[in-house]
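Worksheet for the structure shown next.
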Amino acid sequence: MIKDLNNMWKARTWMKTNVPFLYSWHAYVGYELDLFEAFKRPVKVEDVADAYNLEEELLQQWVEVGIALKHLKKDEKNRVKIARAWKLPGTKKDSPSSGDLLKEMMELHIPSLLHYPELMKEKKRQHFDNEKHGSTVAKTSTLLEMLAFRLINQNVKKHQVQSILDIGCGEGGYLLKLAKKHPDLQLTGIEINKEVAESAKRSTEDFDQVEIVQGDIHEYEPEQSFDHVMINNLLHYINPEERQAFFDKIGKITEENGIITIISPLQKAKHGKQFSSAFNSFFMTFDNLYPIPSEQELREIADACGFEQQTPFPIIREGGWFFVKWVKKEQV
C-alpha cells in the first residue's frame with residue numbers, strides 16, 4: 001500500500017513538472033498553422049476550421065487546451081480569441097521570432113532526444129542533415145543576432161576593423177547590418193548550405209562590399225587576411241579533436257593585431273548550465289555534431305594559436321550563450 005502511494009505521488013510530481021511542455025506544444029501548433037492570427041479577434045471554431053481547411057474536432061481540442069492554459073478565452077457568444085498575445089509566438093510573417101525557436105525545438109531537438117534510449121541501446125547515432133535543417137537553424141540564429149550585434153559593432157569600432165570574415169554566415173544577418181552601418185567595410189561570408197547561402201546573397205545584393213561564398217571553411221583559401229573573423233553558432237559542427245587545427249588556420253588568415261569573436265553556448269559555465277547540457281545532449285545524438293566547448297578549452301586553443309582570450313560575456317544567460325573575444329598577441 002505504501003509503495004503504491006509512493007508511486008502515485010511520484011507520478012503526480014512528474015505530471016506537475018512536465019506541464020510546461022504542454023505550453024510549448026500548444027504554442028508550436030498555433031504558430032505552425034497560424035492559428036493565433038486566426039483567433040486574433042473573436043471567432044467561432046467551426047469558422048476557423050472551414051477557412052483554414054482543418055479537421056474541426058482536432059482544432060476544437062486544441063482550443064480547449066488553449067483555454068485551460070489561458071492562451072485562449074471564450075466570450076458569451078462562444079467565440080474564441082487569444083488571451084495573452086505577449087506570451088505567444090507571432091505569425092510566420094514575423095520571422096525571426098520565438099516561433100522559429102519553437103519550431104526548431106519541436107521538430108529537431110525533441111525528436112532527436114526521444115531517440116536517446118534507442119541510440120544508447122543500439123550504440124549508434126543519427127546523422128544531421130544540414131541541407132534539410134539548415135534553413136530552420138539559420139532563422140533561430142538570427143534571433144541571437146539581435147542581441148549580439150551590439151557587441152560585434154562595438155568591436156569593429158574599437159579595433160578600427162576594415163575587413164571581416166563571417167564563417168558560417170547563415171542568411172547574412174550580421175553582414176547586412178554591418179554593411180548598413182559601415183559602408184567602407186570589406187565584408188565576406190562563407191556558408192556551406194547552398195539554400196542558406198543563396199538567401200544571404202539575395203539579402204546583401206544591394207551592397208557591393210559584401211561577398212558571399214558558398215562552400216566549406218575547411219576548403220576555403222582566401223587571397224587576403226582579415227582584421228576580424230566571426231565564428232558564430234558553429235563550434236558544435238567541429239570535432240573537438242580538429243578544433244585546434246581549425247583555429248590554427250583561422251589564426252593564419254587573421255591580420256596582426258586582429259581579433260576573432262566567437263558566439264556559442266559554453267559547457268559548465270557560470271550561467272545557463274541546464275540549457276547548455278541540453279544542447280550537448282542534442283548534439284551528441286548525431287555522428288556529425290559535437291559537444292560545445294568549455295571556456296577553458298577555448299582559452300587553451302587561443303593560447304596555442306597566439307591569441308589572448310578575454311573573459312566571456314553572457315549574451316543569453318538563461319541559455320548559456322556567450323560572446324568570446326580573442327585578440328592576437330604581438331609577435332616578439
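Basis for what follows: all heavy atoms, side chains included, without hydrogens, waters or symmetry-related copies. Quantities reported herein were computed from a predicted structural model and do not represent experimental measurements.
Across all their heavy atoms, D75 and P42 have their closest contact at OD2-CB, 3.7 Å. Of all heavy-atom pairs spanning Q209 and H182, the tightest one is NE2-O, 3.5 Å.
Without hydrogens or angle criteria, N155 side chain to L151 main chain gives a donor-acceptor distance under 3.5 Å. With hydrogens and angles disregarded, a donor-acceptor distance shorter than 3.5 Å links the side chain of N280 to the backbone of I292. Judged purely by atom type and a 3.5 angstrom limit, Q309 uses its side chain to pair as donor or acceptor with the backbone of E295. With N153 contributing its side chain and R150 its backbone, the two residues share no donor-acceptor pair below 3.5 Å. For E55 (side chain) and E57 (main-chain N/O), a donor-acceptor pair under 3.5 Å exists by modelled atom type. Side chain of K249 to backbone of Y220: a donor-acceptor contact under 3.5 angstrom is found. Within the 3.5 Å criterion, the main-chain N or O of N193 finds a donor-acceptor partner in the side chain of E191. At least one donor-acceptor pair under 3.5 Å links the side chain of D227 to the backbone N or O of S163. Between the side chain of H159 and the main chain of G258, no donor-acceptor pair closer than 3.5 Å is present. Between the S281 side chain and the S277 main chain, a donor and an acceptor come within less than 3.5 Å of each other.
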Walk me through it: do W86 and F36 pass the test ring-ring contact (aromatic ring centres under 6.0 Å, His included)? CA-CA 11 Å; W86 64 277; F36 296 122; over 10 Å; no
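A salt bridge does not link R202 to E171: none of the charged nitrogens lies less than 4.0 Å from a carboxylate oxygen. Ion pairing of K93 with D34 is absent here, as no side-chain N (NZ or NE/NH1/NH2) approaches a carboxylate O to less than 4.0 Å. Under the 4.0 Å criterion applied to side-chain N and carboxylate O atoms, E297 and R243 are assigned as salt-bridge partners. In this structure, K201 does not pair ionically with E205, as no charged nitrogen and carboxylate oxygen lie closer than 4.0 Å.
Residues P293 and S264 have side chains in contact (heavy-atom distance under 4.5 Å, counting atoms from C-beta outward). The shortest side-chain heavy-atom distance between F323 and T261 falls under the 4.5 Å cut-off. Using a 4.5 Å heavy-atom cutoff, the side chains of K124 and E118 are in contact.
Remark: the E46 side chain and the Q60 side chain contain no N/O donor-acceptor pair separated by less than 3.5 Å. Counting only N and O atoms by type, the side chains of T285 and Q126 include a donor and acceptor under 3.5 Å apart. Counting only N and O atoms by type, the side chains of K325 and H228 include no donor and acceptor under 3.5 Å apart.
Sorted by first and then second residue, the pairs that involve residues 100-132 and meet ring pair (Phe, Tyr, Trp, His ring centres under 6.0 Å), not counting sequence neighbours, are H109-F282, F128-H133, F128-F286.
The ring-ring contact (aromatic ring centres under 6.0 Å, His included) test applied to F307 returns W326, not counting sequence neighbours.
Evaluated for a side-chain contact (heavy atoms from CB on, under 4.5 Å) with I260, the options L165, I231, V327, I167 yield exactly one hit, I231.
When ring centroids are compared, W321 and F279 come within the 6.0 Å threshold.
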